[in-house]
A.B. asks: 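One structure is given below, represented as structure tokens, and several questions about it will come after.
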Amino acid sequence: MATVRLDQKARALIRAIPDSYHSALAKFFGSGPKDIELARKQHNDYKLALESTGIDVIMLDADHNHPDCLFVEDQAVIIDGHVLLPVPGHPSRVNEQPPIADFLIREMGGAQICRMSGDARMDGGDILRLGDIFFVGRSTRTNDLGIEELRDLLSHLGHELRAIDIPEHALHLTSIASTPTDNIILAPEGYLPKDAFGDLPNGSQVIWMPEEETYGCNTIGLPGGKVLVSEGYPTVQKTLEDLGLEVINVDFSEIKAADGSLTCCSLFY
Ligand code: GLY
């Protein structure tokens with residue numbers, strides 16, 4: 001999940017892969033999952049990788065009526081102990097949310113919970129945090145009403161929102177960008193203009209990767225100088241290693257087949 005700083009990544013929620021996973025939405029990186037058992041193995045390797053860095057990982061049961069239910073990132077926006085429950089941008093995904101909301105309300109006792117309403121739409125996968133700046137993708141899943149509701153919460157918390165138009169050939173902002181550390185944005189050529197992120201604070205930078213490694217640009221920065229990276233993206237891997245980070249690889253091919261990336265499968269809280 002891309003809305004918490006490294007020092008806020010103590011616990012992660014993930015969700016099991018449903019028997020209906022072969023029907024998950026797929027239009028961008030993949031044409032649909034074929035091998036559910038392989039997907040489950042890769043998802044378990046992901047869980048183990050997070051746990052290997054000391055993160056406490058809880059897995060919710062699958063909802064077999066919702067093929068995309070493993071992509072929990074889209075269902076809640078957690079910022080500094082506050083939770084915004086968005087109205088997901090694809091109608092088939094709206095009813096994935098209640099068990100996730102119930103879990104967060106229970107586990108984050110005392111957290112302020114806000115619910116998006118009316119015609120506002122947002123997928124959590126459209127949000128990327130760099131320090132006190134929140135970049136939000138205006139996409140087929142996230143509309144201006146949703147962005148304004150998030151802006152209200154961020155203003156209340158003293159954070160800045162910058163909207164970025166997501167091109168038609170990408171699903172979410174986090175499909176094409178991530179923050180492997182709290183001051184680096186990794187993004188591929190060929191999707192966003194070079195000034196898309198605007199002026200960044202001193203010490204922060206955008207590092208552009210070759211377009212053929214777009215999927216690899218979705219990484220998860222982890223405590224202790226570690227970073228989770230999908231297997232098969234050598235430029236991404238070398239760039240992060242050259243920065244002194246310890247790369248942990250997972251093969252995510254059957255998650256990619258449903259347009260899912262590393263950040264899609266967890267909510268840090
Ligand atoms: N398959 C993930 C999504 O389209 O939301």
Side-chain angles (χ1 to χ4, degrees), residues 1-15 58 60 66 68-91 93-164 166 171-179 182 185 197 218 220-221 260-269:
M1 174 179 206
T3 59
V4 294
R5 297 188 314 258
L6 277 177
D7 66 330
Q8 297 172 324
K9 291 182 178 175
R11 299 182 291 173
L13 175 68
I14 66 172
R15 195 168 193 185
I58 302 287
L60 277 189
H66 288 92
D68 287 284
C69 71
L70 65 154
F71 301 126
V72 292
E73 176 183 50
D74 294 321
Q75 299 294 337
V77 180
I78 301 173
I79 301 171
D80 300 346
H82 294 67
V83 182
L84 174 64
L85 296 170
V87 179
H90 194 287
R93 301 203 51 200
V94 171
N95 289 328
E96 293 171 25
Q97 194 179 70
I100 295 169
D102 289 348
F103 176 88
L104 293 173
I105 290 167
R106 198 171 57 243
E107 292 295 314
M108 297 177 64
Q112 185 185 334
I113 312 284
C114 325
R115 288 180 190 273
M116 209 168 256
S117 56
D119 293 328
R121 295 288 178 276
M122 175 169 282
D123 279 2
D126 270 317
I127 306 171
L128 184 66
R129 177 179 192 162
L130 182 87
D132 287 337
I133 305 173
F134 285 73
F135 301 97
V136 183
R138 186 184 288 111
S139 70
T140 54
R141 302 287 177 87
T142 297
N143 64 16
D144 282 318
L145 290 170
I147 291 172
E148 289 316 308
E149 290 207 20
L150 177 64
R151 193 189 302 278
D152 285 347
L153 173 61
L154 290 174
S155 312
H156 172 70
L157 297 174
H159 297 315
E160 179 185 350
L161 183 151
R162 296 184 190 176
I164 295 180
I166 303 303
L171 174 56
H172 291 133
L173 176 57
T174 59
S175 309
I176 52 172
S178 70
T179 46
D182 285 338
I185 297 173
F197 297 97
N218 180 286
I220 301 183
S261 303
L262 296 169
T263 61
C264 305
C265 295
S266 49
L267 277 168
F268 290 94
Y269 64 98

A.B. asks: What are the two closest non-hydrogen atoms of M116 and G146, and how far apart are they?
C.D. replies: CE-O, 3.5 Å
A.B. asks: Quick one: does any side-chain atom of D182 pair with a main-chain N or O of L6 as donor and acceptor, under 3.5 Å?
C.D. replies: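 Yes.
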A.B. asks: Which atom names give the shortest non-hydrogen contact between V87 and A120, and what distance separates them?
C.D. replies: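 Looks like CB-O, 3.4 Å.
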A.B. asks: Over all heavy atoms of both residues, which pair between G81 and A111 is shortest? Give the atoms and the distance, please.
C.D. replies: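 Looking at all heavy atoms of both residues, the closest pair is O-CB, 3.1 Å.
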A.B. asks: For residues E149 and S117, determine if any side-chain heavy atom of one lies less than 4.5 Å from a side-chain heavy atom of the other.
C.D. replies: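 Yes, at least one pair of side-chain atoms sits under 4.5 Å.
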A.B. asks: If you compare all heavy atoms of A76 against all heavy atoms of L267, which two are closest, and at what distance to 0.1 Å?
C.D. replies: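 Nearest heavy atoms, A76 then L267: O-CD2, 3.4 Å.
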A.B. asks: Can you tell me if D126 uses its side chain to pair, donor with acceptor, with the backbone of V136 under 3.5 Å?
C.D. replies: no
A.B. asks: Please report the shortest heavy-atom distance between T179 and R129, naming the atom on each side.
C.D. replies: CG2-O, 3.3 Å
A.B. asks: With no hydrogens and no angle check, is any side-chain donor or acceptor of N218 less than 3.5 Å from a backbone partner on T263?
C.D. replies: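 At least one qualifying donor-acceptor pair exists.
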A.B. asks: Mind telling me whether H159 and F134 have parallel, tilted or perpendicular rings, with 30° and 60° as the class edges?
C.D. replies: tilted
A.B. asks: Drop me the distance from D123's CG to S175's OG, to the nearest 0.5 angstrom.
C.D. replies: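 Between D123 CG and S175 OG, I get 9.5 Å after rounding to 0.5 Å.
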A.B. asks: Any heavy-atom pair between the side chains of R5 and D80 that's under 4.5 Å?
C.D. replies: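 Yes, close enough: below the 4.5 Å cut-off.
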A.B. asks: Between N143 (side chain) and D119 (backbone), is there a donor-acceptor pair under 3.5 Å?
C.D. replies: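 Yes: the side chain of N143 pairs with the backbone of D119.
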A.B. asks: Side chain to side chain contact (heavy atoms under 4.5 Å, CB included), that's the test. Do E160 and D132 meet it? Break it down for me.
C.D. replies: CA-CA 6 Å; E160 179 185 350; D132 287 337; over 6 Å; no
A.B. asks: Hey, what do you get for OG1 (T140) to CZ (R121), rounding to the nearest 0.5 Å?
C.D. replies: 13.0 Å
A.B. asks: Kindly say whether H172 contributes a backbone atom to a donor-acceptor pair with the side chain of S139 at under 3.5 angstrom?
C.D. replies: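 No; zero donor-acceptor contacts below 3.5 Å.
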A.B. asks: Is a side-chain donor or acceptor of R93 paired with a backbone partner of F71 at a separation under 3.5 angstrom?
C.D. replies: yes
A.B. asks: For the atom pair OH (Y269) and CD1 (I100), what is the distance rounded to the nearest 0.5 Å?
C.D. replies: 12.5 Å
A.B. asks: List the atom of A2, the atom of T174, and the distance in Å for their closest heavy-atom pair.
C.D. replies: CB-CG2, 3.9 Å
A.B. asks: Hey, mind stepping through I79 and H156 against side chain to side chain contact (heavy atoms under 4.5 Å, CB included) and telling me if it holds?
C.D. replies: CA-CA 11 Å; I79 301 171; H156 172 70; over 6 Å; no
A.B. asks: With distance as the sole test, does Q8 use its side chain to make a donor-acceptor pair with the main-chain N or O of T3 at under 3.5 Å?
C.D. replies: no
A.B. asks: I'd like to know whether V72 forms a side chain to side chain contact (heavy atoms under 4.5 Å, CB included) with E96, so could you lay out the CA-CA distance, the side-chain angles of the two residues, the decisive distance to 0.1 Å, and finally the verdict.
C.D. replies: CA-CA 8 Å; V72 292; E96 293 171 25; over 6 Å; no
A.B. asks: Enter the distance from C265:SG to D74:CG here, rounded to the nearest 0.5 Å.
C.D. replies: 9.5 Å
A.B. asks: Going from CZ on R162 to CD1 on I133, what distance comes out if it is rounded to the nearest 0.5 angstrom?
C.D. replies: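 Here the interatomic distance stands at 4.0 Å.
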A.B. asks: Considering only heavy atoms from C-beta outward, does the side chain of L130 approach that of F197 to under 4.5 Å?
C.D. replies: no
A.B. asks: Begin with the C-alpha distance, continue with both residues' side-chain angles, and end with the deciding distance and a verdict on side chain to side chain contact (heavy atoms under 4.5 Å, CB included) for T142 and I147.
C.D. replies: CA-CA 7 Å; T142 297; I147 291 172; 3.8 Å; yes
A.B. asks: Hey, what do you get for CD (Q75) to CZ (R15), rounding to the nearest 0.5 Å?
C.D. replies: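 So the gap between those two atoms works out to 8.0 Å.
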A.B. asks: Go through the steps to decide whether D68 and H90 satisfy the test side-chain hydrogen bond (donor to acceptor under 3.5 Å, both in side chains), and finish with yes or no.
C.D. replies: CA-CA 11 Å; D68 287 284; H90 194 287; over 6 Å; no
